[in-house]
Amino acid sequence: MTSETIKSLRIWIYDLSPGISYKNFFTYLYASLVSIALLSAMGFLQPYILNANLGIPRGQQGLVSGNLGVLSEIVTILLIKPFGSLSDRIGRVPVLTVGVLLLGLGFAFYPTADSLNELYIYRGIWAIGVASTATTLSAITTDIPENHCRGRLIGTGNVFNNIGILMVTLGLSQVPVYLMSNGTDARLAGQAAYWILTSACLISTYIFFKGFDGPVLSKALADNKEVKFLDLLTNGLSEARNPRIMLAYLVSLEARADLTLKGTFISLWAVQSGMSQGLTPAQSLAQAGFLFGFMLTIGIFTHFSWGFFFDRVNRVTATAISMFLCASGYMSMYFVSSPLDYNNLPFFALLSVGSATSISVSIGLSGQEATPKNRGSIMGMIGLFGALGIMITQFIGGRVFDAWGPNWPFIIVGMSQVFIMIGAIVIRIIAPG
């Protein structure tokens, strides 16, 4: 062990927790760049598979997309809490690297499916990787900084998240149409996009294994080696007696749902809208990439400024403001006729501003209140609530997408955010922290 890994370091505006090295910090920035991009790419590319590979009728695509989302979240709900606790027991790195490898395996098989049943199986493999990867990276986010600068680091991490998603959506959205213009058939063109993601997973596994070494991230955090596994599982739930942690759990209920809701249903909405205008699925996906690029650019600036704001106000107050912005953005989708109509970009800008803040407040608020040895369990519970939120919104959203219209999944989530905002205001009054 070197002296670098046992003392507290400072990088620019960030004070690192004792035992966190410079290499750990820069690996975290890389993880921020690729992790959420890998998780969001599935929903973004999926409409192409439904149309070009399987030929699912348009009136059933919302239902199928929702059911695939529900399936993956059932897997996540079953595994995300144990993975969080396991990362406390054996260290973050082993759990993370296995998770990223499973993501790559899911991406490799998903575009080869010839039936919906195969698609469900491959989505399940991918979901196991999601549970492992998302939980562990959330815990690492709270491990890296000291509490007083956690909001700034989360904001910076979210900027890297959006840059990564921007690279993936703008890049992968052009792959099928480029390959098809050069004579590749539609099925193989879609497979190539997914296999690029598989390669990214393999490279990232190696980088994480080498970059997250050291006593904090690669070793167990529980001081008592006799702590029972089931006791660790209950730590996250018992922490909810703290109303601010309970609020963080509720925010997570919609924050992760936000990411998958946009990735699944805006992409599907855009592809269907483009096909109604006579475009191919590949051409529609390419145009959707530019819309996502616009939204992510707005998100990048929001994340960076929000991090500084988040560290300067009471974090419960910040949560209430975040939920107000989220609700405004989501319910504004009522006025959108087509995501490919650029007259609607101001509504998508408002949606991006609101949604960019919610992940920060969930992780930052829980990280402020959690004890180090239980952070993995608490982040696991954050992930569990997030998975529940995704499952609910995918189940309901897929059905109302087909029955009521493509903007209704967003309107319903916006209504739920109003109630969380009211809860945050109440907690700010009675238990501000």
Side-chain angles (χ1 to χ4, degrees), residues 32 36-37 40 43-44 151-166 169-170 248 250-267 269-270 288-336 339 341-365 386 389 393 407 409-422 424-425:
S32 299
I36 303 301
S40 64
F44 177 73
R152 274 168 280 172
L153 185 63
I154 292 173
T156 301
N158 285 337
V159 169
F160 276 79
N161 289 164
N162 277 23
I163 293 173
I165 300 173
L166 184 63
T169 53
L170 286 181
L250 291 177
V251 173
S252 179
L253 192 71
E254 67 81 29
R256 280 194 64 217
D258 162 86
L259 180 66
T260 58
L261 193 70
K262 289 191 300 183
T264 299
F265 292 117
I266 290 183
S267 180
W269 188 1
F290 288 110
L291 171 64
F292 275 85
F294 168 78
M295 295 173 64
L296 291 165
T297 301
I298 298 294
I300 287 171
F301 290 105
T302 304
H303 281 308
F304 191 75
S305 58
W306 180 262
F308 285 92
F309 173 77
F310 189 61
D311 282 338
R312 284 167 171 75
V313 300
N314 181 286
R315 287 176 177 174
V316 180
T317 301
T319 302
I321 295 172
S322 171
M323 290 299 98
F324 171 77
L325 293 172
C326 285
S328 300
Y330 267 80
M331 289 192 288
S332 75
M333 292 296 101
Y334 176 82
F335 303 102
V336 174
D341 182 353
Y342 292 153
N343 290 324
N344 293 317
L345 287 181
F347 298 116
F348 286 102
L350 180 59
L351 176 66
S352 300
V353 169
S355 63
T357 65
S358 57
I359 288 290
S360 296
V361 300
S362 174
I363 297 176
L365 187 59
T393 55
N407 49 3
F410 304 92
I411 297 170
I412 291 173
V413 170
M415 293 175 180
S416 71
Q417 289 162 341
V418 171
F419 289 101
I420 300 176
M421 178 191 70
I422 294 172
I425 294 172

One pair to check against side chain to side chain contact (heavy atoms under 4.5 Å, CB included): Phe290 and Leu170. What are the steps and the verdict? CA-CA 6 Å; Phe290 288 110; Leu170 286 181; 4.1 Å; yes

Is there a side chain to side chain contact (heavy atoms under 4.5 Å, CB included) between Val336 and Phe410? Walk through the geometry before answering. CA-CA 11 Å; Val336 174; Phe410 304 92; over 6 Å; no

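The backbone N or O of Ala37 lies less than 3.5 Å from a partner atom in the side chain of Ser40, making a donor-acceptor pair.
To the nearest 0.5 angstrom, Trp269 atom CH2 is 6.5 Å from Met333 atom CE. Atom-to-atom distance recorded for Asn407:CG and Phe335:CZ is 10.5 Å, nearest 0.5 angstrom. Interatomic distance, Met331 CE to Cys326 SG, rounded to the nearest 0.5 Å: 11.0 Å.
In the displayed structure, Phe309 atom CZ is contacted under 6.0 Å by more than 12 heavy atoms of other residues, nucleotides or ligands.
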Can you give the donor-acceptor pairs under 3.5 Å from side chains of residues 316-325 to other protein atoms, not counting sequence neighbours?
from	atom 1	to	atom 2	distance (Å)
Thr317	OG1	Arg428	NE	2.5
Thr319	OG1	Arg315	O	2.8
Ser322	OG	Thr357	OG1	2.5

List the atom pairs, donor and acceptor, that lie under 3.5 Å between side-chain atoms in residues 347-356 and the rest of the protein, sequence neighbours left out.
from	atom 1	to	atom 2	distance (Å)
Ser352	OG	Met295	O	3.3
Ser352	OG	Phe348	O	2.8
Ser355	OG	Lys262	NZ	3.0
Ser355	OG	Leu351	O	3.0
Ser355	OG	Ser352	O	3.4

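When all heavy atoms are compared, the tightest approach of Leu365 to Ala248 is CD2-N, 4.0 Å. Between Glu254 and Ser358, the shortest heavy-atom contact is OE2-CB, 3.1 Å.
For Tyr342, the ring pair (Phe, Tyr, Trp, His ring centres under 6.0 Å) criterion is met by no residue, not counting sequence neighbours. By the side chain to side chain contact (heavy atoms under 4.5 Å, CB included) test, Ser305 is found to be paired with no residue, residues two or more places apart in sequence or in another chain being considered. Asp341 is linked by a side-chain hydrogen bond (donor to acceptor under 3.5 Å, both in side chains) to Asn343, counting only residues two or more places apart in sequence or in another chain. By the side chain to side chain contact (heavy atoms under 4.5 Å, CB included) test, Thr169 pairs with Phe44, Ile165, Phe292, Leu296, sequence neighbours left out.
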